[in-house]
Amino acid sequence: MRAHEAGAMHGDIGDRGPGWLRPPADVNALVPQLWPRQVERGAGGALTVAGLDVRELAAGYGTPAYVLDEDDLRSRARDFRDAFPDVDVYYAGKAFLCRAVVRMIAEEGLHLDVCSGGELATALSAGMPAERIGFHGNNKSVAELTRALDAGVGRIILDSFTEIDRLTALARERGVRPGVLIRVTVGVEAHTHEFIATAHEDQKFGFSLAGGAAAAAAFTVIDEGVLDLRGLHSHIGSQIFDTSGFEVSARRVLALQAQIRDARGVELPELDLGGGFGIAYTTQDDPSTPAELAKRLRKIVDSECAAENLAVPHLSIEPGRAIVGPAVFTLYEVGTVKDVDGLRTYVSVDGGMSDNIRTALYDASYSATLAGRASTAEPLLARVVGKHCESGDIVVKDEFLPADVRPGDLVAVPGTGAYCRSMASNYNHVPRPPVVAVRDGRARLIVRRETEEDLLALDVG
Ligand SMILES: Cc1ncc(COP(=O)(O)O)c(C=O)c1O
C-alpha cells in the first residue's frame, strides 16, 4: 500500500502478498507468539480467552471489541519488573491507558509514564502514586505543569528551554523542588532491525546533543538550583529488536553525563533509556524477552560507564507496546467478502482505521484468524479491510483465511493492545469500540463502547 495525501494509491493491485507469507499447513492453527498467553482454539473450533468463548464475548459486548487478557498484561508487566529488579520500569501510558490498566500497572509494581494532562488525570484518578509518575511531552502547558507539581509527580522530563523557564518559575512560586530529567536527542533513530546514528537531530523532541543544547540545558538547571536534576533521558524509537541502537545512544548520553561532571562537579544519579522494545505482529518478528533485554542493556551501561569512569546510574526504562500490545486482540464481525476480478479477496469487517490506524499510518503489518469457528476449507490469501470511506482503510494487508470465510464470521486480529484504542478516532462517526478485560473465565467491561449519543452530545451547534 502506498499512501498519498490525495488518498491511497491503487498501484499494488495484483500483489500476492509478501514473499515470507506462505499458505499455512493448518489455517486454523494459532502462532503462539502472536496471541495473548491464554488464547487458544477451543474444542468447538472457536477461540477462547482465559476459558471464555469469543462468541460469548461478541454476543455480550458486540463487535468490534478490544479483548484484553488481563493475566497476560499483568504477567508481561511482572516479567519486566522481575528482569529489571533494580530499575524503575515506567509503563508508557500512551500505548493504552484507562483506569483499570493504571490499577493493574500499579499493583504489579511498575511506574507510569504520561504525556498529557488527560493521561495524568487518568493516572491520578485511578490512584497511581504521584511519585511513581513520569511526565513527558514537548509542549506541556503551564496548566499541565502546575497540575503535575501540585500532584507531586515524581519526574518531569524537560523538553525545551521554555519549559525549563516555566517549571522553574512555577516551582519557585510554590517553594518546591521537583525531580527532573533532561530529554536528550542523541542522533540515534531505531526502528525494527535497523538504526541510524547521525551527528545531528531534526525532530521536535528533546535537546540536541550534537548542537550543545542538551549540555546547556543541564547547566541552566544546575546553575539555577531550583529544579532537582536527577539525570538524562533518551528514547530512540519504536518496535526495536536490536540493542545496538541503545549501545550508541548510551555511549553518547553517558559522554554528556561525564561532560556535566567535569564542568559542574555533579554526577547525575539517574539515566532513563526510554522504551521501544519490539513485539511480534507477524511470524517475521522475533522479539527478545525482558530478561535478554535486561542483560544486554545492563552490559551496555556498565561498559560505557566504565569507559567514562562514571558510577553506574540508577536506570529506568519505558516499555509501552511490549507490555500491552500482545495482551489484546480485536474481535470483528465480517460484513462482506468481495473477490475483485480474481486479483484479491477483500474481507470487510465492522471497524477499521478508526480502531486501528497503524496499518494506514505506518504501513504496519498484522495477522488475523477466523475466530468464531474452525474451517476445513483451503487457505485463501485475503486482505482484511474496514468500513471507512478510504481505500487505505486496511486492517491486515495480507493474511491466509479459510476460503469459506463469510458474512457473520468473527475474525480476530492479535497484537492490537498498543496504539490502537489510544489512537482511535471517530472517523465517519463510527463510535469507538469497548475494551473488555477477561480473567479467570470472566469478562468485565473496562472501557465502554462509545454510542451515537456520545457523539451527538459533543455536537452542540
Ligand atoms: C519517551 C517515550 N518513552 C516510551 C515510549 C514507548 O514506546 P513503546 O511503546 O514502543 O515501548 C515512547 C513512544 O513513543 C516515548 O516517546
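First listed ligand is number 1; within each ligand, the first listed atom is number 1. The figures here come from the full heavy-atom set of this structure, side chains too, leaving out hydrogens, waters and symmetry mates.
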**Complete:** Counting heavy atoms under 4.0 Å, the part of Ala92 that contacts ligand 1 is side chain
**Prompt:** Does the ring centre of Phe241 sit less than 6.0 Å away from the ring centre of Phe277?
**Reply:** no
**Prompt:** What is the closest protein heavy atom to atom 5 (C) of ligand 1, and at what distance does it sit?
**Reply:** His235 CE1, 3.4 Å
**Prompt:** Salt bridge check: are Asp228 and Arg230 linked by an N-O gap of less than 4.0 Å?
**Reply:** yes
**Request:** Output yes when Glu70 and Arg74 qualify as a salt bridge under the 4.0 Å nitrogen-oxygen rule, no when they do not.
**Result:** yes
**Asked** Pick one: which of Asp69, Asp72, Val49, Thr369 meets side chain to side chain contact (heavy atoms under 4.5 Å, CB included) with Trp35?
**Response** Thr369
**Request:** May I ask you to decide whether Asp272 forms a salt bridge with Arg183, counting only side-chain N to carboxylate O separations under 4.0 Å?
**Result:** no
**Asked** Between His233 and ligand 1, does any nitrogen or oxygen pair lie at a separation below 3.5 Å?
**Response** no
**Asked** At the 4.0 Å heavy-atom cut-off, does Ala418 count as touching ligand 1?
**Response** no
**Item:** N/O separation below 3.5 Å, Gly320 to ligand 1
**Value:** yes
**Message:** Ring of Phe219, cation from Arg264 - is the NZ or CZ under 6.0 Å from the centre and inside 45° of the axis?
**Reply:** yes
**Request:** Taking only heavy atoms of Lys94 into account, list the atoms of ligand 1 that are under 4.0 Å away from them.
**Result:** 1 (C), 2 (C), 3 (N), 12 (C), 13 (C), 14 (O), 15 (C), 16 (O)
**Asked** Got an N/O contact under 3.5 Å between Glu318 and ligand 1?
**Response** yes
**Message:** Using a strict threshold of under 4.0 Å (side-chain N to carboxylate O), is an ion pair present between Glu247 and Lys299?
**Reply:** no
**Message:** Quick check: Gly276 and ligand 1, any N/O pair under 3.5 Å apart?
**Reply:** yes
**Request:** Considering the heavy atoms of Pro319, write down every atom of ligand 1 situated less than 4.0 Å from one of them.
**Result:** 11 (O)
**Request:** Run the salt-bridge test on Glu270 and Arg155 with the 4.0 Å N-O cut-off and return the result as yes or no.
**Result:** yes
**Request:** Please confirm whether Tyr419 comes under 4.0 Å of ligand 1, counting heavy atoms of the residue only.
**Result:** yes
**Request:** List every atom of ligand 1 that sits less than 4.0 Å from any heavy atom of Asp113, numbering the atoms from 1 in the order shown and giving each element.
**Result:** 3 (N), 4 (C)
